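Let me give you the structure first, and then I'll get to my questions.
Bear in mind that the values here come from a model prediction, so they are computed numbers and not experimental data. Both ligands and their constituent atoms are indexed starting at 1 by order of listing. For the numbers below, each heavy atom of this structure counts, side chains included, while hydrogens, waters and symmetry mates do not.
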Amino acid sequence: MRIFQHVTDIGDLSVALAEAQEVKRDRYQWQHLGRNKTALLIFFNNSLRTRLSTQKAAMNLGMNVIVLDVNQGAWKLETERGVIMDGDKSEHLLEAIPVMASYCDVIGVRSFARFESRADDYEEKILRQFIEYSGRPVFFMESATVHPLQAFADLITIAENRPTPNPSRKGGEWLHAANERSEALPLTGERGEGLIKVVMTWAPHPKALPQAVPNSFAEWMLAAAKQLSPQRGERGEGPAIDFVITHPEGYELDPQFVKGARVEYDQMKAFEGADFVYAKNWSCPGVTRPEDYGKVLHDYHTMMDWCVSKRQMAVTNDAAFLHCLPVRRNMIVTDDVIESPRSLVIPEAANREISAQVVLKRILENL
Ligand code: CP
């Protein structure tokens, strides 16, 4: 692997999930791979989880790690060609990238959507330049449109916690896989009742947030539905992951990420029977009205009934709650839901170390 951006870059998801569990069993067994290799982690934006988990994953693999916060201590970077650089930006990305690349073997970059131009964001203008001018493998640590390390960690968490019928009880009692054993189980299969419903819900937020997290979560869930959920055959019930997206009208995500997903505008209806609820805010993706790209379409005070609370969770199949964090409590989710035993936000964040390690391991194996 030289680029980690899309779900297709990781290949077969069942292999990737198995590798994640192998990493969990002994995360220090590949230290030879990273010996005398350096990971450079470049942040144009803030981070807690990505910064720490990726650094830890690289150290688990025996790598040296350099972390650069571009906006704190480095020269301010110009990203456009042709600009007369008489402002506050002292260095151009076109010099900075090859210079930074000369000090490392692998580059991770975080650069969020800027909301100045939909085309620039959706063409990944910044990350493309790192790929083109660094000559190094580049992995996305949340770009303008994707957050694949998060989506991979989310998938690991779902696989580890997917509900399964309790073999000791007849009549529909469900166990959660993580309570049975510490391994991720197949998302469907032998037990026949393996249909799981995963609902991604928009939730209110006071600021305009990018679409990277929901884009990637949708992309990875749809790929998982195809790859990990063989058609259940004769009766033709279809895939064993039922992936549903719910959001107010106007927040439709870009078809390149959500093609084939079911969209239900009625949040309560979407939540019915859900096994996993994945909450996230995103601003307008500008799909139906490009002029609204990056906007918050409604005053959030009028949208508070979208905040995930006991009311919505009551109609689920005792759903687990997921959020990538950081989360604004009582905007996105109420205190009682995020603090409930069904909240997986902490193991989900812990799995960021695992997803990053699988990706870095794959890159090191191909250097
Ligand atoms: N979920 C996530 O990427 O967290 P950080 O923004 O803190 O890295």
Side-chain angles (χ1 to χ4, degrees), residues 4-7 9-10 20 39-60 65-72 106-115 121 124 126-127 130 138-158 160-161 198 200-203 205-221 253 257 276-283 308 320-329 331-333 338 343-360:
F4 181 62
Q5 176 178 6
H6 292 295
V7 66
D9 297 322
I10 200 94
L40 174 58
L41 310 182
I42 301 170
F43 289 89
F44 286 84
N45 308 93
N46 294 341
S47 169
L48 186 150
R49 278 144 291 274
T50 305
R51 173 191 304 271
L52 297 180
S53 62
T54 312
Q55 194 165 349
K56 176 69 165 56
M59 293 189 302
N60 293 348
V65 187
I66 304 172
V67 179
L68 177 68
D69 288 296
V70 172
N71 297 321
Q72 289 167 22
V106 179
I107 300 179
V109 183
R110 165 165 284 201
S111 178
F112 290 172
R114 297 179 173 193
F115 294 140
D121 286 344
E124 294 289 4
I126 304 298
L127 267 292
F130 275 92
V138 173
F139 63 98
F140 287 46
M141 300 196 300
E142 189 172 342
S143 68
T145 65
V146 291
H147 196 359
L149 289 170
Q150 181 65 52
F152 186 16
D154 299 333
L155 178 62
I156 295 167
T157 311
I158 288 172
E160 287 173 338
N161 290 279
V198 179
M200 179 169 78
T201 182
W202 181 95
H205 197 281
K207 291 186 173 174
L209 298 188
Q211 297 101 40
V213 169
N215 284 345
S216 280
F217 186 70
E219 184 186 51
W220 283 67
M221 277 303 110
L253 291 161
F257 299 105
F276 293 91
V277 168
Y278 191 91
K280 186 72 184 84
N281 170 268
W282 61 91
S283 63
V308 178
F321 177 82
L322 294 129
H323 187 282
C324 64
L325 304 181
V327 70
R328 289 186 185 235
R329 284 178 176 222
M331 288 289 312
I332 301 281
V333 58
I338 198 169
S343 172
L344 294 177
V345 296
I346 305 304
E348 182 185 3
N351 277 334
R352 289 293 307 276
E353 178 184 340
I354 306 304
S355 64
Q357 186 165 339
V358 171
V359 168
L360 281 169

- Excluding sequence neighbours, so at least two apart, what forms ring-ring contact (aromatic ring centres under 6.0 Å, His included) with Tyr278? Phe217

- Task: Say whether Gln211 and Thr145, considering side chains only, have a donor N or O and an acceptor N or O under 3.5 Å apart.
- Result: no

- Item | Partners passing ring-ring contact (aromatic ring centres under 6.0 Å, His included) against Phe115 (at least two apart in sequence or in another chain) | Tyr293

- Query: Among all residues two or more places apart in sequence or in another chain, which pass the side-chain hydrogen bond (donor to acceptor under 3.5 Å, both in side chains) test with Arg329?
  - Reply: Asp335, Glu339

- Around ligand 1, what residues show up once you keep those with a heavy atom under 4.0 Å from it? Ser47, Leu48, Arg49, Thr50, Arg110, His147, Gln150, Cys324, Leu325, Arg352

- Message: Among Thr157, Ile156, Asn60, exactly one meets side-chain contact (heavy atoms from CB on, under 4.5 Å) together with Ile354. Which residue is that?
- Response: Ile156

- Message: Within the supplied structure, the quantity of interest is the number of heavy atoms (other residues, nucleotides, ligands) at a distance under 6.0 Å from Asn71 CG; does it exceed 12?
- Response: yes

